[in-house]
Every structure is written in C-alpha cells, then in structure tokens.
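Written below as structure tokens is the structure these notes are about.
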Protein chains: 2
Amino acid sequence: MSATTTLSRERAAPRRRDAEATRAAILEAAKTHFARSGYDHAALRDIAADAGCDVALIKRYFGGKDALFVEALKASFHPDRLREWDRRAFPRDAAIMLANAAPIGEEPTHSFQFLLRTATSPTTAPLLNLAMQERFLAPIRDWLGGEDAPARARVMAAVYIGFLVERLIREKPLRGRERDVFIDRVTAIFEAMIAPSP
Amino acid sequence: MSATTTLSRERAAPRRRDAEATRAAILEAAKTHFARSGYDHAALRDIAADAGCDVALIKRYFGGKDALFVEALKASFHPDRLREWDRRAFPRDAAIMLANAAPIGEEPTHSFQFLLRTATSPTTAPLLNLAMQERFLAPIRDWLGGEDAPARARVMAAVYIGFLVERLIREKPLRGRERDVFIDRVTAIFEAMIAPSP
DNA sequence: GACCCAAGTCAACCATGATTGACATCTTGC
DNA sequence: GCAAGATGTCAATCATGGTTGACTTGGGTC
C-alpha cells in the first residue's frame, strides 16, 4: 500500500492512472511476499492483488518474475543503517536484539527473512551473490575498516545471518538465565569479530 | 545409486523385483535430491528416475511427496557423528572445513544442506523446529555438556548455520591471507563457544 | 501348467502459476 | 473534440509436476 508517492506534488492532478505509483506498489508488495514466502511460493497473482492491479502489469513494468525478484532484493536492503550503529554499543545491542523475539513481518527482520529465503533456494542463490557483495559485505567491510576487513566482514556477516536464522526458527522466547548467557556469549563473539587483527 | 543393500545376503536369489531394495533406492535418491534442490525443486519424477523406477512407486511405498520428505529428513541426520569429534581439534577442523569450498552432495554437508533447504519452503518449515531440536540442538547440548549447555548449544548451532549459509552462497573459494584470517577468526569463535561458563 | 498377488509400468488427470496477446479505457496534446 | 499513446483488464495458453487408476509382468505356489 501507500501507493501515493510524494514526488511531483506540483502536478496537482490526482490522476488515477499512475504508472510510477503502480510500479512502486508492485515492488512493495513483492518485497513483502518474497520475504514471507520465498521466491517459489510467492505468486505473482497475489503480489498483483496486493498492489491493486493486474498480473500483466508486472510483466510490463518488470519483465518477469526473475527481474521483479532482483529488484525487490536490491530494494530490500538498507545497508546505510549500519553506519548509525555505534561501534562500542553494537555487540551488546545486537545481542539483545537477537535474544528478543522476532515479530513476524516487522521491519528489521523483513530484509533478512528475504535474505534467508534467497540463500536457501537454488533458484535464487546465484542472484544473492551480487546483492550480498554490494549491499551486505561491502558496507560491513567499510564499517569495520582496518586490517583484513574483507575476511572479518565475511565472518561477521555469516555469524549474523546464523543468529537471524536461529531467531527465525526459535520456538519460544528466551528467558531467565538462558537469555542472559545467550546475550553474554553473543556479545563476546561480536566483540571478538569487531576487534582488529593483532 | 547404490541400490543394492547388503542385507539378506543369505537369500542368494538375485530377484530383480525387490520391493525393499527399490524402496531403499528411492529413499537414497530422495535424500540427495532434497538436499541439493530443496523440497520444492526436487521433482518426484527425477527422484524416481535416479532410483531406476517409476513415479507411481513412490506413491505406493511412501504415500506422497510430503511423507517421502519426512522419511528422507529423518534418514538424513547422523547426529552421532558429533560424538566422534575431538573437543580440542574441533574448532580449527570445523573452521578449515568451512573455509573450503562446499562440494555439493558430499557427505558432511549433506544433512545440513538438507536442514537449510528445509527452511525455504513454508510446507516444510514447520518440520524444521522439531528436527532442529531433536537432531541438532540436543546433540550439541550433550556434546558441550557442563554449565549452561542449552544456551551455549543455541549459540553454537546458530553460528554454525550462519557459516553454512555463507558457504552456500560464497561465489569463489577463499585464498591466501583472506582464507587464513577467516580460519583464525572462526577458530577463535568456536573455541570461545566451547569454553565453559566462567 | 494354471493361478494369484506383489512389483512395476503407462498414460492420463488435475491444479497451480507464469507468460502472453488481444482488448478496453483513460490521459494528454493538438 | 479527437486521435494516439499510455495504462489497465481479461481470458486464454503453456509448462510443470504431483496424483491417480488401469494395466502388464514376474515369480512363487498349488
């Protein structure tokens, strides 16, 4: 939803036929559906229905399911968020975030569910390499900086993904001592990863 | 492949019509296909072809795709392997294994790829929790032992899964210094996880 | 040898879902 | 107003793949 883009406000005409808006609506719906259901189980008809338009428009605006997926994949990552994170606070903040329950459909998980679904499907795994490089590994590498940033970024990305997966399949929330131990251990791991090479 | 099970050798008759053998062949083929392609992309016709029989036999012997998948899932885990791992050598051995390229269909990864692919499909995702608990978390917990084993097992499983995902989507093999740093860091993480609580 | 049942084969059936082209309708420029 | 192109709709088409039932074949028993 939220198909009404704010751009070109000078054109007061509330034209109902707005290619740009429909395209954006399709992309938005696609992000949600792909993240929730994965590539295979996301039906273009459902996406179109959510976007409030016909399936055929997807072909017109994106070309096909593959192309739509790639666009949605690109649009689903917001690596800029990383820059806002404080280096000192990150390990524990991230650990606590991971210890808490993952609300289904909430924003932060969104893109990572996407990631997971993409990584584990043979169809889409190849597509992920590029996106990972550009949008995930590179930002982490820059954020880390220092010696051996590439290898360390790779390790950090892997660990982070692992915890996201764990949270995704966690059956019940962590409590009490288990939660505390979990947080402490995860914090230690993140701290070790951020630490520059000796 | 390897449809000739060794059991019942006393019955010298090389009967070509062997329900037990075909059933085993189907299961074996299913394990491979499901692990490599995931639930959705594994076609029963392909599995049957690999097993050297007709699709209809799958229905006869297993009932349907779902049931076959469950059987293959159960048969794909060998959590007992964990016991063989030496506590001291594990961190570095595991790190090196993860640094190397993942040969599709090789034994060690096999069951874990299976696990990961399971997460892809909404059909099979519910099965994942159970399998994770019984066949992954519990063995690790026992293997770790000591104080706070549950929380530590959770952390360790998550990290391990993360690295498996990373390896799945890794575009080219690690080399040189990047590989060395990767191994060192991963080793350190595993060592930290194995270490008992202070 | 005749017979019966398990084991295996074959050819449909059916649902799903992406793709496509023909068609309708709105918007805009003249 | 009116043509033309952009935008949106509709109903096939096509491929895939799981499911199913009728059929054939083999192999052991009487």
Side-chain angles (χ1 to χ4, degrees), chain A residues 3-5 8 10-30 33-34 36-72 117 121-124 127, chain B residues 3-5 8 10-30 33-34 36-72 117 120-124:
Chain A
T4 53
T5 46
S8 75
E10 66 279 358
R11 186 189 293 262
R15 48 173 181 166
R16 266 175 310 199
R17 292 202 159 195
D18 189 338
E20 211 165 331
T22 6
R23 210 194 116 99
I26 290 171
L27 192 59
E28 192 55 36
H33 278 260
F34 282 136
R36 182 156 40 204
S37 316
Y39 179 84
D40 303 311
H41 288 84
L44 291 188
R45 284 189 172 83
D46 294 345
I47 293 175
D50 259 26
C53 70
D54 193 87
V55 208
L57 287 188
I58 293 181
K59 177 211 160 84
R60 168 136 45 211
Y61 289 135
F62 294 91
K65 193 178 188 179
D66 286 16
L68 175 62
F69 181 82
V70 172
E71 290 244 18
R117 305 269 186 231
S121 170
T123 321
T124 51
L127 303 174
Chain B
T4 54
T5 46
S8 73
E10 65 279 356
R11 186 189 291 261
R15 49 174 180 165
R16 271 177 305 199
R17 294 201 158 193
D18 189 337
E20 212 166 329
T22 21
R23 210 194 116 99
I26 290 172
L27 193 58
E28 191 55 37
H33 277 260
F34 282 136
R36 181 156 40 205
S37 316
Y39 179 82
D40 303 311
H41 288 85
L44 291 189
R45 285 188 170 84
D46 293 344
I47 293 175
D50 259 26
C53 70
D54 194 87
V55 208
L57 288 187
I58 293 181
K59 177 211 162 83
R60 178 166 308 173
Y61 290 135
F62 294 92
K65 192 179 190 181
D66 286 15
L68 175 62
F69 180 83
V70 172
E71 289 243 18
R117 304 285 189 214
T120 312
S121 170
T123 320
T124 55

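In what follows, chains are A, B, ... by sequence order, proteins preceding strands, each numbered from 1.
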Handout entry: Backbone N/O of Phe34(B) and side chain of Ser37(B): donor-acceptor pair under 3.5 Å
Key =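 It does not hold such a pair.
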
Problem - Lys65(B) side-chain N/O to Ile58(B) backbone N/O, donor-acceptor pair under 3.5 Å - result: no

Problem - Intermediate values then yes/no, side chain to side chain contact (heavy atoms under 4.5 Å, CB included), Thr124(A) and Asp66(A) - result: CA-CA 9 Å; Thr124(A) 51; Asp66(A) 286 16; over 6 Å; no

Using whole Å, what does the distance between atom [atom2] of nucleotide [N] and atom [atom1] of [X] come to?
X	N	atom1	atom2	answer
Ile58(A)	dT9(D)	CD1	P	12 Å
Tyr61(A)	dG8(D)	OH	C1'	8 Å
Leu68(B)	dG17(D)	CG	C1'	14 Å
Leu57(A)	dG8(D)	CG	P	6 Å
Glu20(A)	dA6(D)	CD	C1'	14 Å
Asp18(A)	dC26(C)	CG	C1'	13 Å
Arg60(B)	dC10(C)	CZ	P	14 Å

Handout entry: OP1 or OP2 of dG8(C) under 4.0 Å from side-chain N/O of Thr22(B)
Key = yes

Problem - Pairs where residues 53-63 of chain A contributes a residue and the test side-chain hydrogen bond (donor to acceptor under 3.5 Å, both in side chains) is met, not counting sequence neighbours - result: none

For nucleotides 17-20 of chain C, give me every protein contact, N/O to N/O, under 3.5 Å, one pair per line with atom names.
{"unit_1": "dA18(C)", "atom_1": "OP1", "unit_2": "Ala42(A)", "atom_2": "O", "d": "3.2"}
{"unit_1": "dA18(C)", "atom_1": "OP1", "unit_2": "Lys65(A)", "atom_2": "NZ", "d": "2.9"}
{"unit_1": "dA18(C)", "atom_1": "OP2", "unit_2": "Leu44(A)", "atom_2": "N", "d": "2.8"}
{"unit_1": "dA18(C)", "atom_1": "N7", "unit_2": "Arg45(A)", "atom_2": "NH1", "d": "3.1"}
{"unit_1": "dA18(C)", "atom_1": "N6", "unit_2": "Arg45(A)", "atom_2": "NH2", "d": "3.2"}
{"unit_1": "dT19(C)", "atom_1": "OP2", "unit_2": "Lys65(A)", "atom_2": "N", "d": "3.1"}
{"unit_1": "dT20(C)", "atom_1": "OP2", "unit_2": "Lys59(A)", "atom_2": "NZ", "d": "2.9"}

Problem - All side-chain hydrogen bond (donor to acceptor under 3.5 Å, both in side chains) counterparts of His33(B), not counting sequence neighbours - result: Asp50(B)

Completion exercise
Heavy atoms of Ile47(B) and Ala29(B) approach each other most closely as O-CB, 3.6 Å

